[in-house]
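Proteins come first, then strands; the chains are lettered A, B, ... in the order of their sequence lines, and each starts at number 1. Side chains included, hydrogens not; waters and symmetry mates left out as well; all remaining heavy atoms used.
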Amino acid sequence: MIWCAYCLFVDYLEARQRGNLELRKTAWAFSLFLYCTAVFGLDTLSVYTVNYPLKYFAERIGAEHVEVSFPAPADIDPAFWLPDAETIIQYQQADLILLNGADYARWIDKVSLPRLRLVNTSRVFQEHYLTVANATTHSHGLEGEHSHVGTFFTTWLDFSQAAQQARVIADALVRARPAHRASFEKNYAALEKGLLTIDRRLQSKVEAMSERRLFASHPIYQYLARRYGLDIKSVLWEPDELPSEEQWALLGRMLSSHPAATMIWEGPPLQASIDRLRALGVESIVFEPCANACNGQDFLSVMRRNAETLN
Amino acid sequence: MIETLYVAWRYVTYNKIKTVTLVACVTLIGVLPLALQLFLNESARQLLSRAESTPLVMGAKGSSLDLAMNTLYFDDEVPELISMAAAEEITQSDLAAPIPVYARFQARGFPIVGTSFDYFDVRGLEIEQGRSLALLGECVLGATVAERLGLKPGDSLVSSPETVFDIAGIYPLKMKVVGVLQRAYTSDDLAVFVDLKSAWVIQGLGHGHEDLARAKDPSVILDRSDRNVIANAKLVQYTEITESNLDDFHFHGDPEAYPVSAVIVIPHDVKSGTILRGRYVEQDTSYQMITPKEVIDGLLANIFRIKNVLDAVIFIVGLATVLAITLVFTLSLRLRQREIHTIFKLGCSRLTMVRLLGTEILIILLTSAALCGALVVVVNYYSHDLVRVLFIR
């Protein structure tokens, strides 16, 4: 592209010698455009992420200096997604690959990625990862007992952790493009402010709650519960499916030991589920984890709305 | 002059055995030191170019030569293994970029090199056919491996068991060939590259089998409790990683405890490299940080010491050969007394006789020189591969 810009600049000089004003103007404009595109294009950092929150953080911090991609299809939970070979090759060509850590996106263990370009955004608080207790183990051969279930991974639902993950991203961007440090730091400060505002809002909302026992439709709110002092018991219900009688029976048994009045769903549940839960004295609220694209809305807006739904 | 040349030529072609013997002796004396020098220069070039492009190598304490040879040339002698924690230690230091290498297993006589994707960037290796490594269980072949085994993208390659007596050992892994590298004229041409995780699968640290909690065949379950399911030997472990069973492959334990044979360390700058080297000089560490160039320089110094001895031997043999050739010519003159006498009687001068004998010697020397030159050209052409086969691998 720089070569094209150079050629056009030569054309401009020739046109100037010949006195062709129109050609001069056109060649000069194109030359300038191509040069700028080349210079700024080359400077743009290609960043790939494994979920939407990281994409949002990188876009907010990197702004015009980064091109952030998160190629998972919109209808897939990125934690359990397995990209095809072509998508993995796209990841391999990125300047930075932002990982969530905490065993999120286990496909990373099954593909080849450039180790030096991987950034584990939650490494700074890895001692505080929550792990699955009472997981079934198995044994075969000489290896002894082992389990395939590991760590809870929706780390960003603790907004103080989300801010730390954003800090790691900012540091990685500064390392990759030190010339834009000031811009990255300014953008990070704005993002951190947004995240910590939600953090404080959630703290104050939970403090005001008379009942902190909740149900969750999926076991993804562990970090939210720990940070804000909620007592959450999870079932395995899909928002777009009506739970089976067996699942209702299980909830009934859980209600006797955990009389919660609210169930958190990761997406809008079916009206029939809402009604039947209400009949049991359990209200439904939606707290979207936003692991994938949040229906065109940005992460902070959805999280602000989530925070307001907690009562 | 042309008559002298004709007569001399007729003489040397008539006495074939004598001429061939003399030409062979002179050629060998000429070609031996030249070929040896070519080999040594090529060895030094190959060894040093690879070593110079590898700033530092971290490995277990022990033979630095084994460590350098295994890491740079994938030599069969595997140094004591270290864990991935070493690579993590380098990352945490923020002084260098670590590239783990696990060169322990083989496939049909070629080393399987488990490494991270960054290795290809650092070595400047490009894909000629197919694509780069993407999924677990895939391999990319060096140009020579692909050529010798006749493999191309889409084919399969099975890892070899470490010992034939390891009947109860790990199943070989059938790897999918997804790419062939451009010829690099280095050890990389002779290697089978896999992702580090695939190397761990070959070792058995990662494996794939059906989910025991949902096993369809109850006879694979030996015992089941609330917290643990024990399978028997009937449980089939996959020997090939495909898209359909990729999800069932998993690793156990702490990945930082998994083994590697070495870590290539690329310091951010000279100062960082010096600091890192200093850290691993201490006695209480189980690692050593070597500068491959220094190790290979030491190796070359030994080779050149041996070369000096060889030079002396060649010089003595050469001197003996020259004396023998002189003796052959002297005896030849005696045997040809009657012939020389006849030439005198024909009216030729003593000078003509000298010219005749001189031309014969010249023909022998020129033929030897031509042969010697041709052999040196051939040796030079094949020196790269010969050095690889004879000295490096």
### Structural part of L118(A) lying under 4.5 Å from a heavy atom of chain B
neither
#### Entry: Atom group of P98(B) that falls short of 4.5 Å from chain A, counting heavy atoms
both
### Task
Under 4.5 Å heavy-atom distance to chain A, tell me which part of T91(B) shows up: side chain, backbone, both or neither.
side chain
### Message
Can you confirm whether or not the ring centre of Y104(A) sits under 6.0 Å from the ring centre of W156(A)?
### Response
yes
### Query
Mind checking whether F120(B) and F193(B) have ring centres under 6.0 Å apart?
yes
### Query
Considering only heavy atoms, which portion of L113(A) lies under 4.5 Å from any heavy atom of chain B: side chain, backbone, both, or neither?
backbone
### Query
Who among D118(B), D195(B), I99(B) has the most heavy-atom pairs with chain A under 4.5 Å?
D118(B)
### Message
Under 6.0 Å between ring centres: does that hold for Y223(A) and H128(A)?
### Response
no
### Query
Is the shortest distance from a Lys or Arg side-chain nitrogen in E88(B) or R115(A) to a carboxylate oxygen in the other one below 4.0 Å?
yes
### Query
For the side chain of N51(A) and the backbone of N292(A), is there at least one donor-acceptor N/O pair under 3.5 Å apart?
no
